[in-house]
Each structure stands twice: as structure tokens, then as C-alpha cells.
Trainee: 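First the structure, which I've put down as C-alpha cells, then a few questions once you've had a look.
Counting starts at 1 for both ligands and their atoms, in listed order. Numbers here simply count residues along the sequence, with the first being 1.
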Amino acid sequence: MATKQEAVEAKQGLSYDVTNGVAVITVDQPGAPVNTLSPETGTAFTTLLQQAERDPEVKAVVFISGKKDNFVAGANIDFLQTIKTPADVEAISRGAHAQFDQLEAFSKPVVAAIHGACLGGGLEWVLACHYRIVTDSPKSVVGLPETQLGLIPGAGGTQRLPALIGAQAALDLILTGKNVKPSKAKKLGIVDEVVPVPMLKDIALKRAEELAAGTLKVERAHQGFKAVAQSGKKKGLAGFFQGLISKDLWAEAALEDNPLGRKVLFDQAKKALLKKTRGKYPAQEKALQVIRVGLESGRKAGLEAEAKAFGELVFTDVSRRLVEIFFATTALKKENGTANASVKAREVKKVGVLGGGLMGGGIAYVAGVLQGVPVRVKDRDDAGAGRALKQVQTVLDERVKRRSLTPRESNAKLSNITAGTDYSGFKSVDLIIEAVFEDLKLKHQVIAEVEAVTGENTIFASNTSSLPIGELAKGSKRPSQVIGMHYFSPVHKMPLLEIITHPGTAEWVTATCVDVGKKQGKTVIVVNDGPGFYTSRILAPYMNEAAYLLAEGADIVQLDKALVDFGFPVGPITLLDEVGIDVAQKVGPIMEAAFGKRMSAPKALEGVVSDGRLGRKTNKGFYLYEDGKKKEVDPQVYLLLPHGKDRKSLDAAEMAERVALQMVNEAIRCLGEGILRSPRDGDVGAIFGLGFPPFLGGPFRYADALGPSNLLRKLEHYQDKYGERFTPAPLLVEKVRAGKGFYEA
Ligand code: NAI
């Protein structure tokens with residue numbers, strides 16, 4: 001019969017086995033796709049260590065995972081959510097500290113053999129081991145992503161990582177929450193060795209023996225403020241937080257263990273941080289503070305500060321919102337985009353892209369390089385075909401420069417993509433993604449052309465940003481295979497893909513496109529058809545409101561700043577310059593035709609467009625641009641706007657609220673009209689597609705936090721003042737009547 005202790009170990013999925021004097025502790029939690037860290041797992045592990053301590057035959061320990069492609073994915077977040085008070089969370093953090101201190105001080109060497117994700121609590125666990133080996137698999141990543149959830153590492157990571165790799169590199173990882181690949185982890189000093197997958201266990205056993213015999217010695221000096229180059233741009237929240245710590249800043253303060261240097265460093269880091277987060281993300285500030293305590297007052301004080309900060313952060317609204325987003329994107333990864341979970345995606349072995357412009361080139365990259373299938377691009381002329389290939393090459397070159405690819409790998413990936421001006425190579429494509437000009441007639445023409453040359457089962461997806469998919473399908477012989485795949489610019493960086501189905505789209509078609517999107521690294525939402533779908537539709541009134549403010553005399557810089565202070569990554573006028581003022585001008589009438597006067601754009605911008613100002617692409621919009629860099633507002637632009645150079649100082653909070661509430665109200669209309677299938681999809685779409693502030697959790701979480709009746713009152717107030725464009729969405733009125741929030745059935 002199993003002892004009580006054995007039963008606990010079995011439940012935690014821990015097993016113990018001795019080979020040639022090395023105890024191998026394997027973690028493989030039953031019934032779970034990934035291993036996670038909880039106090040029980042930590043306790044069961046410590047018990048096994050004690051067993052290894054007592055066993056005179058055991059000279060060393062290897063810690064390994066039994067999962068196919070996962071080491072330890074992090075702390076168990078579901079479990080964290082069940083804890084009731086900050087003091088309880090602090091106690092858990094202190095418990096982990098004690099366990100990992102014991103591990104670090106263990107009398108026999110402990111080698112961590114890592115394959116798959118080793119994140120958060122998983123990385124903190126192995127940081128307390130004495131030697132770390134990771135496989136060279138693309139599945140292997142290490143990182144401390146806690147700040148992306150509004151938390152900080154709570155099991156010693158804020159102390160052990162800076163001690164191991166230096167404060168700068170540790171802060172870069174902790175403040176952004178990004179993952180690093182094995183080669184980078186080795187370069188930073190997080191792991192000691194990178195090895196091929198099949199050799200992981202053998203090499204770990206060998207190193208364990210060598211460490212025990214004293215033939216392998218590891219010296220770990222505290223590396224102080226080591227200067228390390230920033231790694232490449234990251235997508236999603238890591239991208240949002242990236243660049244908090246500038247290289248120059250560290251160069252200035254690269255004075256090893258010099259208290260004055262340290263002070264300069266932390267003061268400046270805090271300033272840079274606040275500039276970026278505007279004080280909305282407390283976890284980053286706490287992380288900075290806690291790391292500083294450790295460096296100035298030692299490990300013990302640092303760990304104590306970590307436990308306290310961790311306890312406080314778990315209960316902040318910001319953390320709740322970020323954890324909800326994490327759960328939402330995790331759930332989306334498992335869905336097939338249809339109401340029927342048994343519908344299977346079909347295999348897409350080759351992709352055709354129509355139009356080699358800004359979007360077509362980006363789509364060719366994500367299909368050919370990230371999804372990794374052969375891609376054939378067709379443009380109407382050689383210049384277009386060449387542009388697409390050049391665009392792919394540019395992104396690959398950036399990756400080679402950052403060393404995330406070798407030149408050879410880059411060439412191999414590029415050879416996956418070919419381009420031309422006819423339909424050769426299209427016969428065998430399974431999926432066509434169209435990105436020609438935004439013109440219904442032209443899109444109908446290319447549908448007819450490709451249907452004449454492709455097979456019966458080929459899917460036709462359009463990247464249109466505003467034309468109804470049902471209208472496009474009218475030009476197809478196979479309307480059930482017509483769908484929208486709406487990417488965002490720049491395609492290789494933006495994390496969202498909005499898929500649009502019309503009532504006749506076949507379920508297998510939806511499931512196939514969702515699967516393709518995921519393989520291209522996107523977070524995918526599926527919405528129903530309608531003018532502007534979801535994201536373009538909620539952006540329109542947001543931009544219109546900003547234009548109304550300009551017409552009222554708002555100052556461009558103050559208006560942009562108001563929305564950045566609210567939490568958007570850029571202000572609406574900067575965004576207008578990015579998107580192209582002419583593009584916005586084209587979408588305007590489409591939205592007005594569909595939704596009537598409440599969506600009409602103010603006439604204020606007409607003068608700006610007729611002056612030839614299209615935005616960044618012409619180096620002249622509301623702002624001036626030089627060598628691709630945004631400069632100051634062009635004072636001449638005010639002469640084209642009502643009130644001329646005589647700008648008014650409008651209330652910043654009110655400006656931000658007016659613009660943001662337009663987006664929120666329109667999102668609620670989309671839910672009420674069935675464009676959106678759930679508030680969750682609406683929140684994910686607004687955050688990842690449009691930069692709605694993540695700490696607010698998306699338009700629906702924000703509406704719930706404000707309280708629907710409070711939101712209704714605000715909209716009615718603006719409706720009285722500015723007219724029908726602020727008419728509250730009918731679903732909001734219903735929710736207020738029913739006394740319910742948007743996340744309540
Ligand atoms: P673009 O003007 O950069 O590229 C369009 C390309 O289509 C050009 O290279 C042109 O030569 C080619 N083309 C025109 N007629 C063609 C034909 N008959 N056969 C093959 N190629 C042809 O335009 P962009 O910005 O790439 O937009 C393309 C589509 O993507 C539009 O429907 C647009 O609404 C949509 N979209 C654009 C976004 C953006 O941020 N620019 C975002 C999301 C969607």
C-alpha cells in the first residue's frame with residue numbers, strides 16, 4: 001500500500017528514481033497538459049530532496065519533466081485566484097522562498113534538465129538549482145511573464161535572476177515579461193548549456209556526476225549591471241512594455257556595484273517606466289522597487305519585499321483584468337471558431353496571396369515564414385510582385401540582424417515565397433488571401449479570375465477592412481468558401497487576426513482559417529459579417545470624435561496626450577497619420593451609409609486631405625516626418641482646420657472620455673447586433689487589434705467596472721450636449737434595466 005507521502009507525491013506527479021548514484025526527480029502532473037507550481041508541488045519536491053539527502057548512494061540530483069513538450073509553465077493561476085487575502089498570498093510566497101532556499105543550499109548538486117516552456121514559477125524553481133541545461137527545441141523558452149499578468153515573480157525570481165545575469169538584463173526580462181529562446185538564455189547566462197533534445201537526460205546525468213565528483217566547477221560571480229543589447233521586438237503585451245529600459249541609460253550607469261551609479265540607474269529606469277506606463281501598471285513599478293531592495297539591502301530583505309509586493313498585486317484590479325485577458329486568449333487558442341467543437345480544420349499546404357502591397361507582403365511573410373507553407377503572390381504588375389518579396393526580405397533581414405535567424409535559415413525561408421503577375425502556381429493552393437485595392441468591383445473580378453484556375457475546395461479569404469463579406473460572396477461560384485481574414489498593419493507585428501464569416505460560410509472553412517491564423521502566431525477572433533465588422537466599426541466613431549474635438553479647437557498634442565494618458569499606445573491623431581488620412585476618409589462614407597448620421601465624420605478634415613496631406617506615407621499629415629520619424633505637429637495644418645492657430649485648452653479627461661466612450665458604446669452595439677459572439681471576443685479584439693488599454697481589460701470589462709448605469713448616465717450627458725452620436729446602445733439600456741453587467745448572463 002502506498003504511504004501517505006507517496007500518495008501526495010503521486011498526486012503532484014512527482015516520481016523518484018536512482019540511476020548510477022543520481023536521483024532523478026520527474027514532474028508529470030496527472031491529467032494536466034502542462035506542469036504548474038503550487039505549494040503542494042513544492043512540498044512534495046522538498047520531501048523527495050530530503051530522501052535524496054538521506055540516501056548515501058545518491059551523489060547528485062537531476063530535476064526533469066515527464067511532459068512531452070513542457071517543463072513547468074508557471075505558478076498555478078487558477079489556484080492563485082482562489083486565495084482570499086494578501087496575507088495568505090504573502091505566506092505562500094514565503095513558503096516558496098523557504099523551499100527554494102533549501103534547494104539552493106542543498107548539500108548535493110541539483111541539475112535542472114529543461115525541455116519545453118520553463119516560465120514564471122518554473123524558472124524560479126530552476127534558478128535555485130545549481131546547473132541548468134535546456135534543449136535546443138523551438139518549444140523550449142524561459143522567462144518571467146508575471147508582469148504581463150499585473151504581478152511580479154513571487155518565488156524569488158526578482159532576487160535570483162538579477163544576481164545571476166545582472167540587473168539590466170534581469171529588468172529587461174522582468175519588466176516586459178518576455179520569453180527568451182535557448183540560445184539567448186545561454187548568452188544571458190540563465191542556462192549553462194543548450195543541448196539536442198534526445199541527449200537532454202544523458203547529459204544532465206553526466207553533469208550531475210561531474211559536479212558531484214568536482215570535475216565540473218561552476219563559478220557564478222554576481223555580474224552587476226552588465227550591459228546587454230535589447231533583443232528584438234516582441235508582439236502583444238511584451239511588445240507594449242518593451243523599450244522601458246534604454247541601452248544608453250544602462251551604459252551611463254554601468255558601474256559595477258557603485259551605489260551612485262545604481263541610484264542614477266534606478267531613478268532613470270523609473271522615469272522611463274512611468275513615461276511608458278503612465279502609472280497604470282503597478283507591477284512594473286513594484287518589480288523595480290523590489291529588485292532595488294535586493295541589490296541595496298541583500299537577498300533576505302529583497303525576498304521579504306517581493307513577498308509583500310506579490311501579496312498586494314494579486315488583489316489589484318489591473319492584475320485581475322490582465323489575468324482575465326490571459327484566460328481569454330488561452331481559451332481562444334483551444335477553440336475552432338465555430339459553435340461545433342467537432343468541426344475539423346483541413347490541411348492548408350499552400351497559400352496564394354493576391355496583391356503584393358503593404359498588406360499582401362505582410363501576409364506572405366506570416367504564411368510563408370511563420371506558418372511555413374509555400375506561398376505564391378500575384379500582383380497586377382512586376383513592381384507589386386517585387387515589393388512583396390522585398391517586404392518579406394526586410395523583415396527577415398531584421399531577424400538576421402537580431403540573430404533570431406542565421407542568414408542561411410533566412411534564405412531558406414525566403415525561398416518558400418515566390419511572386420509573379422499571372423496565376424501560375426495557383427492551381428494547387430488550398431487558401432487564397434486577397435489584399436488588392438479596397439474596391440468591390442475589383443475584388444469580384446479577382447474572385448472570378450482565381451475561381452477559373454483553382455480547385456473546387458480552395459478557400460477565398462479577403463483582407464478587406466470594410467466591405468461586407470456577404471457582398472464579396474455574391475461574386476463567387478462557391479460562396480460557402482468565402483470568408484474574411486482581416487489582418488492589421490504591420491502584419492508581422494500585430495497580434496490580432498479578425499476572421500469574418502457571412503451566413504453562408506461553411507464551418508470547415510472557418511475552422512481551417514482559424515487554424516491557419518494560429519499557426520501564423522495570431523490571436524484569432526471570429527465575428528459575424530457587417531459593415532466594418534467589429535474592429536473597423538468601433539474605430540470609426542472613436543476617430544470621428546477626435547475629429548470633432550479638432551473641429552472644436554482642440555490642440556493636437558493635448559488631444560493625443562489625453563488618450564495616451566488614458567492608456568492607448570498612441571493618440572488618435574498620430575494613429576490617423578499612421579493609417580493614412582485618405583484611408584480614413586474613404587471608410588467614413590461607407591460607415592455613414594451603413595449606420596446613418598450618428599457615424600458621420602465632421603467636415604473638418606476635408607481641407608487637410610485636399611492639401612495633399614495623407615499622413616506618414618507622404619511625410620506630411622498632422623505631424624511632420626523626417627526619415628520615417630515622427631516630429632512635431634506641422635503648425636501649417638492648423639490653418640486648414642476650424643479655429644486656425646487659435647487652439648483652445650479643452651479638459652483632457654473629458655476629451656479622453658468622449659473619444660474612448662464612443663468606442664465602448666459601439667462595441668456594445670456590436671454585441672447587441674450579434675456581430676460579436678461574446679464580450680470576451682470584443683475585449684480581446686479591441687486590446688490586440690486597436691490598443692485599447694490592457695489594464696482596463698477591454699471595452700466590456702471597462703463598462704462593467706464603470707457600472708452600466710454609470711456608463712449610461714455619462715453617454716446621456718454627452719448625448720444632451722453633442723447630439724445623437726452619443727445615443728446609448730440599446731443593449732446597454734437593457735443591461736441597466738436588468739441590473740446586469742456584460743459578463744453576466
Ligand atoms: P496597397 O495599395 O499597398 O496594395 C494593393 C496591391 O494590390 C498593390 O500592390 C496593387 O498593385 C495590387 N493589385 C491591384 N489590383 C490587382 C489585381 N487585379 N491583381 C493583383 N494585384 C492587384 O494596399 P494595402 O494597404 O495592402 O491594402 C490591401 C487591402 O487590405 C485593402 O482591401 C485594404 O482595405 C485592406 N487592409 C488594409 C490595411 C492597412 O492598414 N493598409 C489594414 C487591413 C486591411
Trainee: Which of these, G361, P490, S465, has its nearest heavy atom closest to atom 34 (O) of ligand 1?
Mentor: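 Closest candidate by heavy-atom distance is S465.
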
Trainee: Going by heavy-atom distance to atom 29 (C) of ligand 1, choose the closest among T421, V436, T464, I363.
Mentor: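 Looking at heavy atoms only, V436 sits closest to atom 29 (C) of ligand 1.
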
Trainee: Are any of the N/O atoms on G384, whether in the backbone or the side chain, positioned under 3.5 angstrom from an N/O atom of ligand 1?
Mentor: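 No, since none of the N or O atoms of G384 sits under 3.5 Å from an N or O of ligand 1.
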
Trainee: Could you check whether atom 9 (O) of ligand 1 has a protein contact, counting only heavy atoms that fall below 4.0 angstrom?
Mentor: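 When distances to the protein are checked, atom 9 (O) of ligand 1 has a heavy atom within 4.0 Å.
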
Trainee: Should R380 be counted as touching ligand 1, given the test is an N or O pair under 3.5 Å?
Mentor: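 In this structure, R380 places an N or O atom under 3.5 Å from an N or O of ligand 1.
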
Trainee: As a test of understanding, state which of K280, K275, R278 forms a salt bridge (charged side-chain N to carboxylate O under 4.0 Å, His left out) with D565.
Mentor: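 So, applying the salt bridge (charged side-chain N to carboxylate O under 4.0 Å, His left out) to D565 and each of K280, K275, R278, only R278 qualifies.
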
Trainee: Taking salt bridge (charged side-chain N to carboxylate O under 4.0 Å, His left out) as the definition, give me every residue that meets it alongside R376, ordered by chain and number, with sequence neighbours left out.
Mentor: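 Scan of R376 (salt bridge (charged side-chain N to carboxylate O under 4.0 Å, His left out), adjacent residues dropped) gives none.
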
Trainee: For T727, which residues count as a side-chain contact (heavy atoms from CB on, under 4.5 Å) partner, sequence neighbours excluded?
Mentor: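 Only R669, Q719, E724 meet the side-chain contact (heavy atoms from CB on, under 4.5 Å) criterion with T727.
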
Trainee: For K378, take its heavy atoms, then give the atoms of ligand 1 lying under 4.0 Å from any of them.
Mentor: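 This gives 19 (N), 20 (C), 21 (N) as the contact atoms.
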
Trainee: Just to be sure I'm reading this right: ignoring hydrogens, which of E438, M485, H486 gets closest to atom 33 (C) of ligand 1? Compare them by their nearest heavy atoms.
Mentor: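 The residue whose heavy atom sits nearest atom 33 (C) of ligand 1 is E438.
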
Trainee: Does D379 reach ligand 1 with a nitrogen or oxygen that is under 3.5 Å from one of the ligand's nitrogen or oxygen atoms?
Mentor: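 Between D379 and ligand 1 (N or O atoms, distance only) the closest approach is under 3.5 Å.
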
Trainee: Among side-chain atoms of Q662 and E666, is any donor-acceptor pair under 3.5 angstrom?
Mentor: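 No donor-acceptor contact under 3.5 Å links the two side chains.
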
Trainee: Please work out whether any backbone atom (N, CA, C, O) or any side-chain heavy atom from C-beta onward of K443 is under 4.0 Å from ligand 1, and answer side chain, backbone, both or neither.
Mentor: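 Only the side chain of K443 comes within reach of ligand 1.
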
Trainee: Report the part of L442 in contact with ligand 1, treating N, CA, C, O as backbone and CB onward as side chain, heavy atoms under 4.0 Å; options are side chain, backbone, both, neither.
Mentor: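 Near ligand 1, L442 shows its side chain, while the N, CA, C and O stay back.
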
